[in-house]
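All remarks here apply to the structure that follows.
In this text, all values refer to a predicted model and were calculated from it rather than measured experimentally. Quick note: residue numbers are just sequence positions, from 1.
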Amino acid sequence: MPAVDVVVVSFGYGHGTPPEATITLDLRHAFRDPHVDPRLRHMTAADRPVRLAVLRTPGIRPLMKATVAQVQAYRKGPSASQIVIAVGCVGGRHRSATVAHYLARRLTRRGMQVELQHRDLAKPVITPLAHPA
C-alpha cells in the first residue's frame with residue numbers, strides 16, 4: 001500500500017483542541033452554518049441536504065480550489081512530506097465534514113494518496129446556547 005500523501009481531518013472546535021496540521025481551515029465565521037436550520041441541525045455531512053447546503057455557500061468552492069493549489073505547492077517543495085489539512089467548524093458535523101470529504105476527493109483525483117478522518121462527526125450536536133455568536 002502506497003504511503004499517504006495527505007491526511008484530511010474534519011473536526012469541531014466545540015469538541016476540543018484542533019488537530020495539529022500543515023493547513024488549518026476555520027469555517028466558523030466566514031461561512032453560513034447549516035446548524036441554524038432546524039431541518040438540518042441533527043443531520044450530518046452524510047446527508048445530502050447538508051452537503052448541498054454547504055456546497056452552495058458562497059466562497060466554499062473557491063476555498064477548496066485554493067486549498068488544493070496550496071497542497072500542490074507544498075508537495076513541490078524540496079522536502080515535501082505528508083501534509084495534514086484540518087478543517088474545522090463549530091461542531092464538526094456539517095461544514096467541516098463536507099469540505100473535508102470534497103477536498104479528499106479533489107486531491108485523490110489529482111493522483112494523491114489521501115486519508116480522510118472525521119474526528120467529531122458522530123459526536124452530539126452542540127446546543128445553540130453553547131454555539132458561539
Side-chain angles (χ1 to χ4, degrees):
M1 179 179 212
V4 174
D5 299 314
V6 182
V7 177
V8 182
V9 183
S10 71
F11 71 96
Y13 284 92
H15 292 293
T17 305
E20 281 197 33
T22 314
I23 301 166
T24 301
L25 303 178
D26 183 346
L27 307 179
R28 292 178 292 178
H29 305 292
F31 301 101
R32 180 178 58 237
D33 187 355
H35 175 93
V36 300
D37 182 339
R39 295 169 295 159
L40 302 178
R41 183 167 299 143
H42 293 282
M43 293 183 185
T44 70
D47 298 296
R48 189 169 189 269
V50 169
R51 292 191 309 272
L52 290 175
V54 172
L55 293 174
R56 290 177 179 156
T57 301
I60 285 289
R61 289 179 189 268
L63 177 66
M64 288 191 290
K65 183 177 180 178
T67 303
V68 168
Q70 188 176 5
V71 169
Q72 290 172 321
Y74 273 113
R75 292 195 34 80
K76 289 180 182 174
S79 59
S81 59
Q82 186 179 75
I83 297 165
V84 178
I85 305 170
V87 185
C89 61
V90 174
R93 297 169 48 90
H94 299 104
R95 292 170 288 181
S96 65
T98 298
V99 169
H101 170 79
Y102 284 97
L103 272 176
R105 268 183 44 179
R106 286 176 179 218
L107 294 166
T108 299
R109 287 182 181 161
R110 284 159 182 79
M112 292 175 226
Q113 295 296 316
V114 180
E115 179 182 319
L116 175 62
Q117 302 171 5
H118 293 295
R119 186 187 84 179
D120 301 325
L121 185 67
K123 291 189 178 165
V125 172
I126 294 177
T127 63
L129 293 176
H131 196 280

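To the nearest 0.5 Å, atoms NE2 (His35) and NE2 (His94) are separated by 7.5 Å. A distance of 9.5 Å separates CE in Met64 from CZ in Arg105, rounded to the nearest 0.5 Å. Here OG1 of Thr67 is found 4.5 Å from CG of Leu25. Values are rounded to the nearest 0.5 Å. Here Phe31 contributes atom CZ and Ser96 contributes atom OG; the two are 12.5 Å apart, rounded to the nearest 0.5 Å. For the atom pair Thr108 OG1 and Leu116 CG, the distance stands at 9.0 Å (nearest 0.5 Å).
Of all heavy-atom pairs between Thr17 and Arg119, the closest is O-NH1, 2.6 Å. Of all heavy-atom pairs spanning Ile126 and Gly91, the tightest one is CD1-CA, 3.8 Å. Between Ala97 and Gly92, the shortest heavy-atom distance links the atoms CB-O, 4.0 Å. The two residues Met112 and Val71 come nearest to each other via the heavy atoms SD-CG1, 3.8 Å. Closest of all the heavy-atom pairs between Arg106 and Arg61 is NH1-O, 4.0 Å. The minimum heavy-atom distance linking Arg32 with Pro58 is given by the pair NH1-CD, 4.2 Å.
One hydrophobic cluster holds both Val87 and Val114 under the rule that ILVMFWY side chains link at heavy-atom gaps under 4.5 Å. Clustering ILVMFWY residues whenever any of their side-chain heavy atoms sit less than 4.5 angstrom apart, transitively, puts Leu107 in the very cluster that holds Leu63.
Within the 3.5 Å criterion, the main-chain N or O of Val84 finds a donor-acceptor partner in the side chain of Thr22. Formation of a donor-acceptor pair under 3.5 Å by the Asp47 side chain with backbone atoms of Pro49 is not found in this model. Using modelled atom types, no side-chain atom of Thr24 and backbone atom of Ala21 make a donor-acceptor pair closer than 3.5 Å. Of the possible polar contacts, one joining the Arg95 side chain to the Leu27 backbone as a donor-acceptor pair under 3.5 Å is found.
Salt bridge Arg93/Asp120: absent, no basic N to carboxylate O contact under 4.0 Å.
For the pair Cys89/Tyr13, no side-chain contact is recorded, criterion being any heavy-atom separation below 4.5 Å from C-beta on. Looking at Val99 and Ile60, their side chains come closer than 4.5 Å, going by heavy atoms from C-beta outward. Between Tyr102 and Leu55 there is a side-chain heavy-atom pair separated by less than 4.5 Å.
Under the 3.5 Å distance criterion, with hydrogens and angles disregarded, no donor-acceptor pair is assigned to the side chains of Gln72 and Gln70.
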Check the pair Val8, Gln117 against side chain to side chain contact (heavy atoms under 4.5 Å, CB included), reporting the backbone distance first and the verdict last. CA-CA 6 Å; Val8 182; Gln117 302 171 5; over 6 Å; no

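Looking at Ile85, Val6, Leu103 one by one, the single match for side chain to side chain contact (heavy atoms under 4.5 Å, CB included) with Val68 turns out to be Leu103.
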